[in-house]
Peer 1: 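To start, I am sharing the structure in question, which I have written as structure tokens.
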Protein chains: 2
Amino acid sequence: MAKIDLARRAEIGREKRVRTRVQIVDAGLLLLADQPPEALTVNAIVESAGVAKGTFYYHFQSVEELVAAVGAKLADTFDELVARSRLEQSDSIERMAFAFTRFLEKAISDPVWARLVVRSAQAPAGIREHLKADLAEAIAEGRLATEDVELAADIVVGIWTQVARGTLERRATPDLPHQALQAALRALGVPRTQGRHAAAARAGRNKSQIGSK
Amino acid sequence: MAKIDLARRAEIGREKRVRTRVQIVDAGLLLLADQPPEALTVNAIVESAGVAKGTFYYHFQSVEELVAAVGAKLADTFDELVARSRLEQSDSIERMAFAFTRFLEKAISDPVWARLVVRSAQAPAGIREHLKADLAEAIAEGRLATEDVELAADIVVGIWTQVARGTLERRATPDLPHQALQAALRALGVPRTQGRHAAAARAGRNKSQIGSK
DNA sequence: CGTCGAATTGACTATATAGTCGAACTGACT
DNA sequence: AGTCAGTTCGACTATATAGTCAATTCGACG
């Protein structure tokens, strides 16, 4: 009976614990959109999250640990945006193009997310690995002008990051994701007849969506 | 007579003043290559520069002022790298290509400079203005696939920044500047027969190039 | 080698931050 | 109403940082 009690207690605690933890992580995420991790203070976090300092240390050992948690949450949002299409789409370049567009649309519609991503210089490591895998496949198929996977990844990530940064400072035109993607594909040396149909379809569909506010 | 004395004194002081100021700025520059401005402390600066805290405040009103000074110094290095060619080269795309390559070579040969530039997210404002001017000219001449100057600038800056960041994490291949430039030109939609001679000539010393390895 | 203005020093105060800890609280269960 | 593990609180200590200022040093000059 003591056994059951303990398990039950733990479960109850876990729910409360999760709520507060999420609260803290969200506050940290918001703050990290405006300042680098090195400048993030515990005081600022607890004030923003509306909890006591002791509560923070009950959930995290240090600020670094919170930063890591925010990073993990950010990585999740990336995965969620493209998880389905990665399974459905078999063409490497189409996969990459879809992700590129999808991420950019997300950046435009969610500036906080964009600021956070742009700040964390190198995008979540997992994403780059996926990108490199797609690019390596495309290179193996002889569809890219570049032979160097790392360089190709830098080109795509670089264009994406800077264009996303641009959307934070200037208003984005409706076809910006499409335009940026075209530039990235040209940079990679993808022939015009390849890898642009799905992207174009997406861009068309979303145009009315965005315009409808 | 008092007049002459005062002027002379001031001049003497200025020399000493300049020496120490440079010392502090250099220390700040080094620190800013490893950490964001928001995390830069006066204590760290004075320790690294080997001066007393009071000395720092004798030269600068705040850390922000020092950061600005470092930014100005960084901007100067950019100008120095391309000042001559800007006057000599009349073709807009050639100008841009030269600067792109030159900056990347600098980043490869001077990692501290590269880290500093990559950290200060948006490259010194003056450089972007020059780039936009060149791109606007090229667009007016109908030589680019993109009509949007801001987007074109983001593409070039984005590729450059990410490739430069890559050189900090991986060893740069000899023809990386040339390869990256080619990608940027493709991204902009510059026809193959245009704007590549000067670049090719520059990369020539490392040549027999693309197929190598 | 004494003078004097400019530059430098480091101790000092006030404030901010990191991290700790005992006490108080919560809510499911009895 | 009482119990109790888990959770939350906020006061507290120790350390770090920003910014000030009177005292000291520097060095060209007569």
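Numbers restart at 1 for each chain; the letters A, B, ... are given by sequence-line order, proteins then strands. Worth knowing before you read on, the calculation uses all heavy atoms, side chains too, and leaves out hydrogens, waters and symmetry mates.
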Peer 1: Of all residues at least two apart in sequence or in a different chain, which pass the side chain to side chain contact (heavy atoms under 4.5 Å, CB included) check with A:L81?
Peer 2: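 Counting only residues at least two positions away or on another chain, A:L81 forms a side chain to side chain contact (heavy atoms under 4.5 Å, CB included) with A:R102, A:F103, A:K106, A:W113.
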Peer 1: Is the shortest side-chain heavy-atom distance between A:V46 and A:T55 below 4.5 Å?
Peer 2: no
Peer 1: Consider salt bridge (Lys or Arg N to Asp or Glu O under 4.0 Å). Of A:R165, A:R171, A:R170, which one does B:E150 pass it with?
Peer 2: A:R170
Peer 1: Does the side chain of A:H59 get closer than 4.0 angstrom to OP1 or OP2 of D:dT8 through an N or O atom?
Peer 2: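 Looking at the OP1 and OP2 atoms of D:dT8, one of them is under 4.0 Å from a side-chain N or O of A:H59.
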Peer 1: List the protein contact pattern of nucleotides 17-22 of chain D with one symbol per nucleotide (5' to 3'): B for base contact, S for sugar-phosphate-only contact, - for none; contact means a heavy-atom distance under 4.0 Å.
Peer 2: BBBBB-
Peer 1: Tell me: OH of B:Y58 to P of C:dG10, nearest whole Å?
Peer 2: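 So the two atoms are 17 Å apart, to the nearest Å.
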Peer 1: Using atom types as modelled and distance alone, determine if a side-chain donor or acceptor of B:S48 lies under 3.5 Å from a backbone N or O of B:A44.
Peer 2: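 No, the answer is negative, given that no donor and acceptor are paired below the 3.5 Å cut-off.
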Peer 1: Would B:D148 and B:T146 count as a side chain to side chain donor-acceptor pair (under 3.5 Å) here? Give the steps.
Peer 2: CA-CA 6 Å; B:D148 183 343; B:T146 312; over 6 Å; no
Peer 1: Without decimals, in angstroms, what is the distance between A:R19 CZ and C:dT26 P?
Peer 2: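 Answer to the nearest Å: 12 Å.
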Peer 1: Keeping the roles fixed (side chain from A:Q89, backbone from A:R95), state whether a donor-acceptor pair exists under 3.5 Å.
Peer 2: no
Peer 1: Measure CZ/A:F60 against P/C:dT20 and give the value in whole Å, please.
Peer 2: 16 Å
Peer 1: Output the rounded distance in Å from CD1 (B:I45) to P (D:dA16).
Peer 2: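 In whole Å, D:dA16 P and B:I45 CD1 are 17 Å from each other.
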